[in-house]
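Letters A, B, ... are given to chains in the order of the sequence lines, protein chains preceding strands, and every chain is numbered from 1.
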Amino acid sequence: MPELPEVQTIVADLKPRLEGRKIAGITVLWRPTIAQPQVEELTERLIGQRIERVWRRGKYVVMDLSSDDRLVLHLRMTGRLLFRDRSAPEDRFTRVVIHLDGEQQLRFADARKFGRIRLLDDEQFRRLSASLGPEPLSGDFTLDWLTEVLARRGQRIKSVLLDQRYLVGLGNIYVDEALFEAGINPTRPANTLNDDEVERLFHAIRKALSSGIADRGTSFDSYLDAFGEPGQHQYRLQVYRRKGAACPRCGTPIERTVVGGRGTHFCPRCQPVTPSRASETVLPSRKAQQPQG
DNA sequence: CAATCAACCTGGGTGC
DNA sequence: TGCACCCAGGTTGATT
């Protein structure tokens, strides 16, 4: 699933190849992919525009156009953004093709059809961006800020971290990895984390995302980069989709539960529901289970 | 406010 | 081999 590291990888590869290029045309093969505006209006506003800048906001790919409109793409779960020669073999599940000047084209392929492309003016984009939390790899994301946000939420920590209004970029893979790295149980209410735990989480979020970027993303199901190549981070995950495998830190089998409707992977020993001091390990009592009445 | 769930979709895996 | 079934999870929105 494209999360921040996957989108970042795509953007970094597209940037030098798209900036300065002109859009020559667009072919829409699956209409609902174009969420806004109508296809006819999109075509009219898009053709002839130069792509000035390619960047990322959260999990959105953003292309600033010479008209001051912005082309905004979200890959959702199975979306791919492929930079191809016009003559390249067709890519399965292609929904929209953006034709560039010259021989190349950008193909938006998406098996499950959840991905969306929007063309937004200044005001519309400003509103979208304002609805999103800070970038975790930027200076806007600080320990003080995280401390304050978590202190105000009684929701489970995993749900808070997945909510793009608070913090952008984390999806189901990297949130599980970050919580493991920080030694925090995904079901802990956010406002029960102590200062030490928040600080560990702060660093763990950045580490998990940076590590994913360094490996050019995680290719489990459908993710491929702009050239159609898989990332390598799936080989370095510590807990995600490793149910039953040994925890890399203590050897306890990794468990899987569901939190907020998401498959959730964690080490029951390294990420206890009740926080324990690092120096002592609380072993469960033999008769800890009490029948509930 | 918090938690749950359905909806959007379909490929790919499972069990029989 | 065929087929019914279920799961994957980003985001929005409705319901409890």
Side-chain angles (χ1 to χ4, degrees), chain A residues 1-11 28-36 56-62 72-81 91-96 108-118 120 124 127-133 135-136 149-179 185-193 208-209 212 217-224 228 230-231 233-234 237 239-244 256-266 273:
Chain A
M1 331 319 130
E3 304 176 28
L4 188 151
E6 290 73 32
V7 177
Q8 177 70 35
T9 300
I10 290 170
V11 163
V28 179
L29 301 166
W30 173 258
R31 281 211 169 217
T33 298
I34 307 298
Q36 188 187 3
R56 174 189 66 70
R57 177 75 176 99
K59 300 173 189 171
Y60 292 90
V61 177
V62 183
V72 177
L73 307 91
H74 199 299
L75 303 174
R76 291 290 180 99
M77 292 168 23
T78 54
R80 295 172 177 167
L81 206 46
D91 288 289
R92 210 177 168 197
F93 311 126
T94 299
R95 308 299 178 194
V96 173
F108 188 95
D110 184 13
R112 289 178 66 181
K113 301 177 175 176
F114 288 171
R116 292 292 181 264
I117 298 176
R118 290 189 266 180
L120 304 180
Q124 290 168 325
R127 267 188 268 127
L128 171 65
S129 189
S131 72
L132 301 172
E135 292 287 337
V149 166
L150 298 187
R152 284 189 279 110
R153 318 300 320 180
Q155 293 164 260
R156 294 171 294 192
I157 183 65
K158 174 165 178 172
S159 300
V160 173
L161 296 179
L162 283 175
D163 192 329
Q164 307 292 301
R165 292 175 299 178
Y166 302 138
L167 176 69
V168 297
L170 290 175
N172 208 39
I173 298 173
Y174 296 97
V175 74
D176 279 5
E177 293 295 301
L179 286 167
N185 188 282
T187 62
R188 292 273 304 281
N191 57 11
T192 65
L193 271 59
L209 294 172
T218 303
S219 292
F220 249 126
D221 303 315
S222 56
Y223 168 72
L224 297 175
H233 198 60
Q234 61 275 19
L237 295 173
V239 288
Y240 184 76
R241 289 218 194 163
R242 298 193 67 242
K243 178 186 173 184
R256 180 186 186 279
T257 58
V258 174
V259 176
R262 300 282 168 269
T264 297
H265 313 74
F266 68 104
V273 177

Are the ring centres of A:Y174 and A:H233 closer than 6.0 Å?
yes
Please report the distance, rounded to the nearest Å, between [atom1] in [X] and [atom2] in [N].
X	N	atom1	atom2	result
A:R188	B:dA2	CZ	C1'	18 Å
A:R165	B:dC1	CZ	C1'	11 Å
A:K113	B:dG11	NZ	P	8 Å
A:L29	B:dT10	CG	P	14 Å
A:W30	B:dC8	CH2	P	11 Å

Need one value for [X]: base, sugar-phosphate or nothing, where a base atom within 4.0 Å counts as base even if backbone is also close, heavy atoms only.
X	result
A:F93	sugar-phosphate
A:G263	sugar-phosphate
A:R95	nothing

On a whole-Å scale, what distance lies between the P atoms belonging to C:dA4 and B:dC9?
22 Å
Kindly give the heavy-atom pair with the smallest separation between [X] and [Y], and that separation in Å.
X	Y	result
A:R156	A:T187	CG-O, 3.4 Å
A:N191	A:G154	ND2-CA, 3.6 Å
A:V175	A:K158	CG1-CE, 3.6 Å

[X] versus [Y]: any side-chain heavy-atom pair under 4.5 Å?
X	Y	result
A:R188	A:L179	no
A:L150	A:V160	yes
A:L170	A:P136	no
A:Y60	A:L128	yes

Does the protein touch nucleotides 10-16 of chain C at the base, only the backbone, or not at all? Give it as B, S and - per nucleotide, heavy atoms under 4.0 Å.
BB-----
If only side-chain N and O atoms of A:R256 are considered, is one of them under 4.0 Å from the OP1 or OP2 phosphate oxygen of C:dC7?
no
With Watson-Crick and G-U wobble geometry limited to distances under 3.5 Å, how should the secondary structure of DNA chain C be encoded in dot-bracket form, using | for bases paired to another strand and [ ] for crossing pairs?
.|||||||.|||||||
Does the ring of A:Y166 carry A:R153 above it, NZ/CZ under 6.0 angstrom from centre and within 45° of its axis?
no
